[in-house]
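Input: a single structure, listed below in structure tokens.
Reminder, nothing fancy here: chain letters follow the sequence lines and each chain counts from 1.
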Amino acid sequence: MIMKIIRKQTLLILGSLLLIALPYIFKSPYLVQTFSIIIFYAYMGCCWNILGGLAGQISMGNSVYAGIGAYASTLLFIYTEISPWIGMLLGGLISGMISILIGLPTFRLRGTYYTLSTIAFLTVVRIIILANRTLFGLETRGAQGLLVPMRESSLGTMQFMSKIPFYYIILIMTILVSLLTYYLKHSKTGYYFAAIKANQDAAASLGINVTGYKLICSFISAFLTALGGTYYAQLTMYVDPSTLLGNPISQQIAIMPIVGGMGTVLGPIVGAVILVPLQEIARTMFGDAVQGTHLVIYGLIMMIIVVYAPGGIVSLFKKSISSSKRVVAKTEVIQNG
Amino acid sequence: MLIQLSQPLLSGFLMGGIYGLIAFGLSLVFGVMRVSNYAHGDLLMIAMYLAAYLWNVFGIQPYISIIIVGVILFAIGFLLQKTAINTILKSDKSREPIRVLLFTAGLSIFLQNIALMIMGGSPQSVTTNFSTTTTQLRSLIISYPRLLAFIFSILITMGLWIFIQKTDTGRAMRAVSQDRQTALLMGINEYKTYSLAFGIGAGLLGLAGAMISPFMYVFPTMGSGYTLRSYVIVALGGIGSIPGALIGGILIGIIESLSAQVMLASYSEVVVFIIFILVLAIKPTGMFGKE
Amino acid sequence: MANPKVVLKLRGVTKNFGGVSAVNNVSLELFEGEVFGLIGPNGAGKTTLFNVIAGFYKPTQGKVIFNGRDISGKPPYKICKLGLGRTFQIVKPFGDLTVLENVMIGALNRTQNMKVAREKANEILDITRLADKRDKVAGCLNIVDRKQIEIARALATKPDVLLLDEVMAGLNPSESAEVVEMIQHLRKVTGISLLLIEHVMSVVMKLSDRVCVLDHGELIAQGKPTEIAQDERVIKSYLGDRYYANTDK
């Protein structure tokens with residue numbers, strides 16, 4: 001027992017140390033950027049996981065909040081020079097409130113209707129943004145997207161000369177969200193989320209305000225996702241509606257936690273670490289001309305995991321630990337007669 | 001003014017009948033198994049690509065290939081249920097449909113992108129010399145393919161009704177959807193019934209897909225619009241209700257058609273979404289279905 | 001007991017679905033600390049009545065009054081918080097969670113503190129004899145255990161009134177005897193009031209202080225178990241149903 005705890009803690013500590021030292025081990029800016037992207041997906045997956053993995057509300061359009069967050073912070077930066085950090089929080093609040101508005105009519109019913117509404121909402125927002133060059137009196141430039149204006153590089157403007165600060169920013173964000181997930185899982189709120197995920201009627205009969213908790217969860221997830229949107233805009237210096245509001249990103253940030261281990265703290269991270277590099281491999285194998293190859297693989301993996309290992313890769317890992325414990329126990333029994 | 005409206009009313013009505021048929025496949029799966037099929041519209045997309053392929057490569061008219069496509073889609077649906085979805089239902093501890101939803105979501109992503117990979121992103125259609133034929137009634141122009149598709153849909157729907165009411169398999173499906181425990185006690189093979197139901201649902205999409213290919217473009221991401229419409233129609237018309245699916249479909253078809261008159265075509269999804277939200281907010285049990 | 005307190009009162013409760021009246025003008029009173037049995041042929045509207053009381057359905061007409069408060073049409077979670085709990089005929093355990101976690105969720109109805117909830121849950125597990133299964137995953141257990149979890153969970157919410165929906169269904173005689181014993185122990189220890197739907201006649205007659213009979217949504221008789229057993233209308237309503245020809249298994 002003690003051995004198992006030590007092993008898990010050491011793994012985590014070693015892993016964290018490795019992550020922290022990564023940009024100094026691999027110095028190439030391209031690699032640092034790639035690592036940042038991987039961790040970005042891990043972050044977005046964690047945000048999705050709070051809503052989908054903990055509370056069982058499956059959103060296939062979660063990136064809409066990343067889009068809203070990115071537009072909010074960038075427009076604020078363009079028009080007023082207010083720091084993107086503040087814009088990030090503003091974008092988060094706006095996204096959170098919008099998610100509540102959407103949740104009010106759609107959470108009342110069984111899960112699928114909610115899932116459909118998430119993708120419908122994403123589609124609607126995408127259509128509206130692409131079709132309009134100005135919205136609410138602000139110039140949003142439709143399909144062209146927004147360029148994040150280059151100001152002096154500083155922490156305040158969230159712009160840097162090197163890629164390394166971006167890596168650490170997203171790493172910290174991911175660690176914080178993972179800690180939040182862990183804390184939630186062991187709190188009353190998290191237990192209530194789990195009840196809602198398992199059986200809504202039973203949950204209601206035990207005094208749980210199901211809709212209320214769903215809305216809380218949705219707010220948290222949307223808020224955090226929006227922060228990720230601002231980050232991505234600052235990282236790429238560009239708010240691209242067809243990326244942020246496209247279906248692929250939304251699908252990816254759902255697939256990764258599911259494959260990694262829905263509802264677990266590490267699942268989204270494991271999922272991102274495994275699947276994002278796959279995307280690069282697919283691109284080198286099939287070239288950029290053939291679209292969608294990585295998503296074909298993702299879809300296939302997702303189907304296989306859901307049928308045969310619904311707890312994700314993390315669950316397979318746990319199983320192999322417990323079965324090796326059984327082997328150890330059996331050997332002990334044999335040895336001791 | 002009425003005359004100006006009557007054209008879109010007609011095309012909406014005709015399209016609506018087809019929407020109803022498409023939606024009923026979903027309604028059946030919902031009713032019998034209480035599971036979701038997120039890939040519903042994507043199966044329709046596959047059917048349409050199949051019809052296009054059979055026409056472009058083998059020269060088979062869609063009104064003939066309809067049978068081939070229907071059978072292939074039935075087989076796909078049957079196998080999906082038999083191998084994957086039944087496995088999930090058997091091993092699931094709490095019978096909540098999350099896992100099936102996730103599986104079909106993965107399927108949807110898979111289908112959309114494999115179509116994208118193989119067929120490319122540009123829309124295709126089946127253009128035969130029949131495709132553009134029309135007839136005229138007073139001032140109304142009626143497109144033959146649309147009319148034919150509508151009539152086929154009604155006929156198939158009637159056939160479905162007979163199947164569900166009169167045949168053993170159909171009655172088994174109704175039994176399982178109404179009272180699973182009793183149906184099991186009566187010796188109905190639960191999982192075989194599920195496979196048949198899902199197969200039929202997919203088969204209906206095969207038929208519908210072949211029928212609309214003469215006048216609708218197919219492209220890899222078209223599925224989600226049809227999935228959304230089907231769910232709206234089932235929400236409107238009630239689960240398991242054939243008249244509900246038809247009437248709901250026609251309602252959606254007309255509303256879409258009329259709104260296309262007053263706004264950009266690309267906003268039509270916005271309209272469906274708004275209807276969706278309204279229906280959810282007002283009438284969660286639909287007009288005809290059971291609670 | 002002089003002037004027993006009425007904890008639950010139904011006044012003319014009616015529930016219609018479309019044109020059909022599933023529950024028609026039912027009035028009854030539940031006294032504090034009593035066990036009140038609700039019997040009747042299949043489809044008589046018993047579970048529908050429970051669903052109306054517990055807030056899962058809104059009554060078409062009539063009122064549900066709990067501890068003097070009109071709770072008609074309030075949402076289920078509010079009704080639970082006020083002190084009225086229920087179990088489901090088809091049990092709904094939280095399949096991926098352990099037995100302890102299941103019951104803790106019930107206990108969290110009354111506390112924000114996880115430690116307190118865990119303690120309370122363990123107490124309940126001891127009363128319901130589930131303590132040794134505390135860390136097992138609920139979805140893997142058999143039907144008897146899952147029924148116990150259902151009851152334990154509802155008990156953990158600290159209800160004044162508990163609605164039990166056919167808890168004996170599917171249990172063999174020794175298993176039901178265990179549950180009966182547990183319920184009787186519960187009454188003594190907590191003074192809880194119970195409203196039970198039951199088909200197993202021997203259990204109803206043994207446990208209940210009073211019984212009422214529902215047929216086609218209407219209350220056709222009410223009184224002590226011995227009176228009801230001899231009531232002509234009751235016998236007629238049961239004779240018509242083949243199931244009840246073989247009541248006492």
Side-chain angles (χ1 to χ4, degrees), chain A residues 52 56-58 60-61 101-102 104-117 119-128 130-131 197-200 202 247-248 251-252 254-255 258-259 262 286 289-308 310, chain B residues 30 34-38 80 83-85 87-88 91-118 120-121 220-221 224-225 227-228 230-232 235 264 266-274 276-282 284:
Chain A
Q57 306 304 303
I58 310 293
M60 295 304 274
L101 276 172
I102 298 295
L104 277 170
T106 57
F107 276 142
R108 286 168 52 204
L109 286 187
R110 302 300 135 177
T112 323
Y113 282 93
Y114 172 71
T115 306
L116 281 170
S117 73
I119 200 163
F121 182 56
L122 173 66
T123 311
V124 165
V125 172
R126 179 174 60 236
I127 291 176
I128 293 178
L130 289 178
K197 178 182 180 190
N199 193 305
Q200 284 184 190
N247 283 342
Q251 291 164 353
Q252 282 159 182
I255 297 178
I258 293 171
V259 167
M262 215 168 109
F286 295 96
V290 188
Q291 297 175 54
T293 44
H294 66 283
L295 283 170
V296 169
I297 302 173
Y298 283 6
L300 210 53
I301 296 180
M302 182 172 166
M303 286 193 279
I304 296 175
I305 292 274
V306 169
V307 177
Y308 294 109
Chain B
F30 244 1
R34 305 261 182 283
V35 295
S36 281
N37 182 5
Y38 192 78
L80 274 171
T83 53
I85 304 180
T87 312
I88 296 178
S91 70
D92 219 10
K93 292 188 215 104
S94 53
R95 278 231 154 212
E96 282 294 300
I98 286 187
R99 275 178 71 193
V100 179
L101 173 63
L102 291 177
F103 174 77
T104 53
L107 178 65
S108 167
I109 294 171
F110 176 74
L111 290 175
Q112 285 186 10
N113 286 283
I114 226 178
L116 189 59
M117 258 180 84
I118 300 179
T221 48
S224 45
T227 308
L228 185 64
S230 299
Y231 272 90
V232 176
L264 296 170
S266 52
Y267 277 99
S268 67
E269 295 230 28
V270 181
V271 176
V272 183
F273 174 62
I274 294 178
F276 187 50
I277 298 285
L278 285 175
V279 169
L280 289 186
I282 300 173

Any idea which of A:Gln251, A:Met302, A:Met303 has the most non-hydrogen atom pairs under 4.5 angstrom with chain B?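 Looking at each option in turn, the highest pair count goes to A:Met303.
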Tell me which of these, A:Tyr298, A:Phe121, A:Tyr308, has more heavy-atom pairs under 4.5 Å with chain B than the rest.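 If we count pairs closer than 4.5 Å to chain B, A:Phe121 comes out on top.
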Students often mix this up, so state it plainly: with edges at 30° and 60°, are the rings of A:Tyr114 and A:Phe107 parallel, tilted or perpendicular?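 Because their plane-to-plane angle is under 30°, the rings of A:Tyr114 and A:Phe107 count as parallel.
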Evaluate A:Asn247 against A:Ile119 for side chain to side chain contact (heavy atoms under 4.5 Å, CB included), listing each step before the verdict. CA-CA 8 Å; A:Asn247 283 342; A:Ile119 200 163; 4.3 Å; yes
Is the backbone of B:Tyr38 close enough, under 3.5 Å, to the side chain of B:Thr104 for a donor and an acceptor to pair up by distance?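 Such a contact is found between B:Thr104 side chain and B:Tyr38 backbone.
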Counting only N and O atoms by type, is there a donor-acceptor contact under 3.5 Å from the side chain of A:Thr115 to the main-chain atoms of A:Ile58?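 Yes, the answer is positive, given that a donor and an acceptor are paired below the 3.5 Å cut-off.
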Is it the backbone or the side chain of A:Leu116 that comes under 4.5 Å from a heavy atom of chain B, or both, or neither?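 Both backbone and side chain of A:Leu116 come within 4.5 Å of chain B.
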What part of A:Thr123 is in contact with chain B, defined as an atom under 4.5 angstrom from a non-hydrogen atom: side chain, backbone, both or neither?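 A:Thr123 touches chain B through side-chain heavy atoms alone.
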